[in-house]
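Take a look at the structure below.
For clarity, every value in this text was computed on a predicted model and none was experimentally measured. FYI, side chains are in, hydrogens and waters are out, and symmetry mates aren't considered; it's all heavy atoms of this structure. As the structure lists them, so they are numbered: ligands from 1, and atoms in each ligand from 1. We number each residue from 1, following the sequence as shown.
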Amino acid sequence: MDRPVTNALSPLLPLALVEVSYVAGGRTLIDRITVEIGPGPRTIILGPNGAGKSVLMRLAHGLLAPTGGIVRWNTPEAPGQPRRQAMVFQRPVMLRRSAIDNIRYALKLSHVPREEREERAWQALERVGLSALADRPARVLSGGEQQRLALARAWALKPEVLFLDEPTANLDPGACREVESIIAAIHAEGTKIVMTTHNLGQARRLADEVLFLYEGRLVERSAADQFFRKPASVEAEAFIQGELPWH
Ligand SMILES: Nc1ncnc2c1ncn2[C@@H]1O[C@H](COP(=O)(O)OP(=O)(O)OP(=O)(O)O)[C@@H](O)[C@H]1O
């Protein structure tokens with residue numbers, strides 16, 4: 001079985017956020033969040049629209065720099081080393097190339113040796129059921145196919161941690177289920193999943209633990225069964241009851 005590329009002596013996780021804030025346009029979008037994210041359980045960042053889920057994930061992945069506090073990985077990414085963290089977005093960003101070339105290119109950028117790239121690219125495409133579309137321009141694929149391709153591209157990198165920002169937000173229920181089963185398979189291979197959603201059904205299906213975000217604050221962190229059975233905060237309780245806007 002393929003294992004994520006992890007140096008056993010210096011794993012990337014845990015990731016620690018210490019008093020992390022993000023202020024933009026005079027608004028505090030993330031408000032002094034302290035949390036440690038370790039390997040293992042699927043962590044779902046849940047909360048209503050505008051709670052700050054995407055901003056928090058971008059801060060964790062390093063796409064945004066916090067305006068306050070610290071984001072600290074157990075081992076920082078080293079230049080020239082294969083990437084051990086990857087991110088998939090709500091709307092996949094595809095290069096103007098074929099499906100398989102999109103994966104090949106990501107492997108090249110991540111310094112995967114040339115002789116390994118072909119096998120890894122084809123294997124990833126196969127796993128998401130897109131082998132037959134390998135030579136089709138990525139940008140003409142359907143929304144669901146593009147998202148599966150984005151997952152294949154991330155999967156091929158064998159990341160230690162995969163961030164997913166509302167990966168099914170624009171998909172119909174069938175495509176949504178396909179993406180969820182791919183995420184489950186990536187997790188089963190040992191990659192840590194950190195995913196945002198505002199979809200309660202999806203959180204119930206995928207979460208092992210929930211970070212509940214509300215107005216930029218981390219209001220609650222609970223095991224998923226506990227969260228859905230008996231949330232600790234009034235905000236989470238209202239969200240679960242459907243009293244907060246979330247669609
Ligand atoms: N760079 C920015 N500058 C100013 N405001 C921003 C910036 N990025 C995000 N915001 C605002 O911050 C708030 C949180 O945005 P974010 O995208 O993190 O929410 P979210 O919880 O992911 O919501 P959704 O479920 O709708 O995706 C929103 O009100 C958004 O408009």
Heavy-atom count check: over 12 atoms from other residues, nucleotides or ligands less than 6.0 Å from Arg229 CZ?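 Yes, because the 6.0 Å sphere around CZ of Arg229 holds more than 12 heavy atoms from other groups.
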Looking at ligand 1, does any of its N/O atoms fall within less than 3.5 Å of an N/O of [X]?
X     : value
Ala51 : yes
Ala24 : no
Tyr22 : no

Heavy atoms only: which of Arg27, His198, Met57 lies closest to atom 29 (O) of ligand 1?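 Going through Arg27, His198, Met57 one by one, Arg27 has the nearest heavy atom to atom 29 (O) of ligand 1.
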Option nearest atom 26 (O) of ligand 1 (shortest heavy-atom distance, choices Asn49, Leu46, Leu56):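 It is Asn49 that holds the nearest heavy atom.
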Hey, are Glu116 and Lys158 close enough for a salt bridge, meaning a charged N less than 4.0 Å from a carboxylate O?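 Result for this pair is no, no salt bridge flagged.
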Determine, for Glu118 against Arg104, whether the closest basic-nitrogen to carboxylate-oxygen distance falls under 4.0 angstrom.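 The answer is yes: the pair qualifies as a salt bridge.
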Under 4.0 Å from a heavy atom of Val55: give me the atoms of ligand 1 that qualify, with their elements.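 Checking each atom against Val55, I get 8 (N), 9 (C), 18 (O).
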Within the 4.0 Å heavy-atom shell around Pro48, which atoms of ligand 1 are there?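 Listed by number with element: 21 (O).
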Close side-chain approach of Gln123 to Glu126, heavy-atom, < 4.5 Å: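 Not touching, per the 4.5 Å side-chain cut-off.
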Considering only heavy atoms from C-beta outward, does the side chain of Val88 approach that of Gln147 to under 4.5 Å?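 The answer is yes, as the side chains (C-beta and beyond) meet within the 4.5 Å cut-off.
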Quick check: does any side chain N or O of Arg148 sit under 3.5 Å from a backbone N or O of Val128, one acting as donor and the other as acceptor?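 Side chain of Arg148 to backbone of Val128: a pair is present.
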Taking side-chain hydrogen bond (donor to acceptor under 3.5 Å, both in side chains) as the test, write out the residues that go with Trp73, two or more places apart.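 Trp73 satisfies side-chain hydrogen bond (donor to acceptor under 3.5 Å, both in side chains) with no other residue.
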Between Lys53 and Thr197, a side-chain donor and acceptor under 3.5 Å: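 No donor-acceptor contact under 3.5 Å links the two side chains.
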Who's the nearest protein heavy-atom neighbour of [atom], and how far?
atom                    : result
atom 25 (O) of ligand 1 : Lys53 NZ, 2.8 Å
atom 23 (O) of ligand 1 : Gly50 N, 2.8 Å
atom 17 (O) of ligand 1 : Ser54 CB, 3.5 Å
atom 6 (C) of ligand 1  : Leu29 CD1, 3.3 Å

Has Gly47 got any heavy atom lying under 4.0 angstrom from an atom of ligand 1?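 No, Gly47 has no heavy atom closer than 4.0 Å to ligand 1.
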